[in-house]
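Single-structure report; data block below.
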Protein chains: 2
Amino acid sequence: MPRRLPTSAELRIWRDFIETVEALRGVVAARLQAETGLSPGDYVVLLALSEAPQTRLRPSDLAVAIGWERSRLSHHLGRMERRGLIRREGFSGDSRGASVVLAEAGSTAFHSATVPHLTVVRELFVDALTPEQLGAVAEITAALRDQLPETLNRGAL
Amino acid sequence: MPRRLPTSAELRIWRDFIETVEALRGVVAARLQAETGLSPGDYVVLLALSEAPQTRLRPSDLAVAIGWERSRLSHHLGRMERRGLIRREGFSGDSRGASVVLAEAGSTAFHSATVPHLTVVRELFVDALTPEQLGAVAEITAALRDQLPETLNRGAL
DNA sequence: TCAGCCTAGTTGACACGTCAATCAGTATGG
DNA sequence: CCATACTGATTGACGTGTCAACTAGGCTGA
């Protein structure tokens with residue numbers, strides 16, 4: 001039984017919030033793409049691979065590490081492989097398993113993307129907020145996440 | 001000249017924030033889809049049409065009203081037209097112009113989606129936050145928007 | 001008048017995401 | 001041994017978004 005509906009003020013906060021975050025995501029993505037040739041998705045994949053032993057991971061492990069569904073990852077890896085950022089190799093031991101390997105081009109791209117990536121986050125997010133607001137963001141994030149179905153509380157939580 | 005890079009704490013707040021909002025958007029979209037058969041995009045389009053005189057708008061005006069690029073809207077209208085939610089008609093006066101008309105099915109779908117839509121927003125957003133936090137969201141949204149390129153400060157601002 | 005420009009709108013190519021189906025290899029119980 | 005179930009991974013269909021190109025109708029000034 002629904003308790004009540006949002007007031008128009010609450011609704012406006014919701015819409016502004018969602019639209020602004022979407023715009024922010026879009027701008028960050030566009031700047032990363034322009035400055036480094038990598039999408040945010042590319043970046044997280046390359047980051048996880050860089051940190052992995054031998055810079056290689058099985059797709060399932062990679063998916064867990066970055067909190068993606070396997071199918072999403074598979075599609076993305078296909079695109080990254082076409083661009084030479086990663087390679088797929090067989091996995092000795094379990095012949096249904098595969099292995100994703102960081103390619104030379106991927107490593108290079110990742111390293112030259114790190115600073116631009118962090119700079120964009122600073123300029124558009126960290127510098128936009130006061131330290132108190134940044135703390136409030138952390139609180140709000142946690143509160144919102146708690147309200148989400150548990151299935152989604154994935155990742156480094 | 002970059003001033004400094006984000007600390008790892010700041011970076012973690014950023015990542016959690018973006019991931020959580022994305023998850024939230026996904027959950028809202030999935031629930032709307034399941035309960036009403038409409039995507040968030042469908043909903044905003046139908047909302048704008050419902051409020052327009054004669055429930056009809058020229059695509060450009062519609063695009064401005066909801067803050068979308070024309071091409072995005074055009075693609076979306078194509079899909080909505082296939083489903084019978086809207087119709088496209090000619091526009092008398094300027095023969096380049098067209099007109100988007102709310103179809104019967106669109107009107108029905110929109111009206112039966114309103115309450116579920118508001119309920120989802122309440123449950124996953126409004127109810128997750130204290131009134132103070134809701135106020136903080138509004139502040140933070142404004143601060144983030146101010147940092148975005150002006151081109152994007154679109155809509156009812 | 002008509003060349004050049006602006007505006008309205010659509011289209012095509014492609015990246016990204018989700019879902020359901022599929023395929024192949026491993027494990028397991030009778 | 002083998003049917004069955006489970007797991008790792010990919011695939012196809014389709015919705016969604018962006019960008020650049022394109023069509024086509026108005027507008028304006030030499």
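To the nearest angstrom, P of dA9(D) lies 8 Å from CG of D94(A). Rounded to a whole Å, the CZ atom of R72(A) is 18 Å from the C1' atom of dA13(D). Whole-Å rounding puts the L38(B) CG to dG15(D) P distance at 14 Å. As rounded to whole Å, 13 Å separates atom C1' of dT11(D) from atom CZ of R79(A). To the nearest angstrom, P of dT7(D) lies 17 Å from CD of E69(A). H75(A) has its NE2 atom 15 Å from the C1' atom of dG8(D), to the nearest Å. Between the CH2 atom of W68(B) and the C1' atom of dG15(D) there is a distance of 11 Å, rounded to whole Å. For the pair L85(B) CG and dG15(D) P, the interatomic distance rounds to 12 Å; values are reported in whole Å.
Note that the CG atom of L62(A) and the CZ atom of R56(A) stand 13.0 Å from one another [nearest 0.5 Å]. Here the CG-OG1 distance, from L134(A) to T7(B), works out to 8.0 Å after rounding to the nearest 0.5 Å. Remark: Y43(B) OH to I66(B) CD1 distance equals 13.5 Å, nearest 0.5 Å. Rounded to the nearest 0.5 angstrom, L102(A) CG and L57(A) CG are separated by 10.0 Å.
Of the two residues contacting DNA chain C, namely Q33(A) and R70(B), the nearest-nucleotide position lying further toward the 5' end is that of R70(B). When the nearest nucleotides of DNA chain D are assigned to G97(A) and A30(A) by heavy-atom distance, the more 5′-ward of the two goes with G97(A).
As judged by a 4.0 angstrom heavy-atom cut-off over every strand, R88(A) is placed among residues touching the sugar-phosphate backbone only. Residue contacts for S74(B): at a heavy-atom cut-off of 4.0 Å it reaches a base atom on one of the strands shown.
Of the listed nucleotides (dT18(D), dT10(D), dG15(D)), dG15(D) has the atom at the smallest distance from the side chain of R82(B).
Proximity of R58(A) to the phosphate of dA9(D): a side-chain N or O atom is located under 4.0 Å from OP1 or OP2. In terms of phosphate contacts, S39(B) brings a side-chain nitrogen or oxygen within less than 4.0 Å of OP1 or OP2 of dT16(D).
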E69(B) vs S71(B), test: side chain to side chain donor-acceptor pair (under 3.5 Å). Steps then yes/no. CA-CA 6 Å; E69(B) 292 179 12; S71(B) 125; 5.0 Å; no

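Judged purely by atom type and a 3.5 angstrom limit, T108(A) uses its side chain to pair as donor or acceptor with the backbone of E104(A). A distance-only check finds no donor-acceptor pair linking the side chain of T55(B) to the backbone of A52(B) [under 3.5 Å].
Using a 4.0 Å cutoff to heavy atoms of chain B, the contacted part of DNA chain C runs 5' to 3' from dT7(C) to dA13(C).
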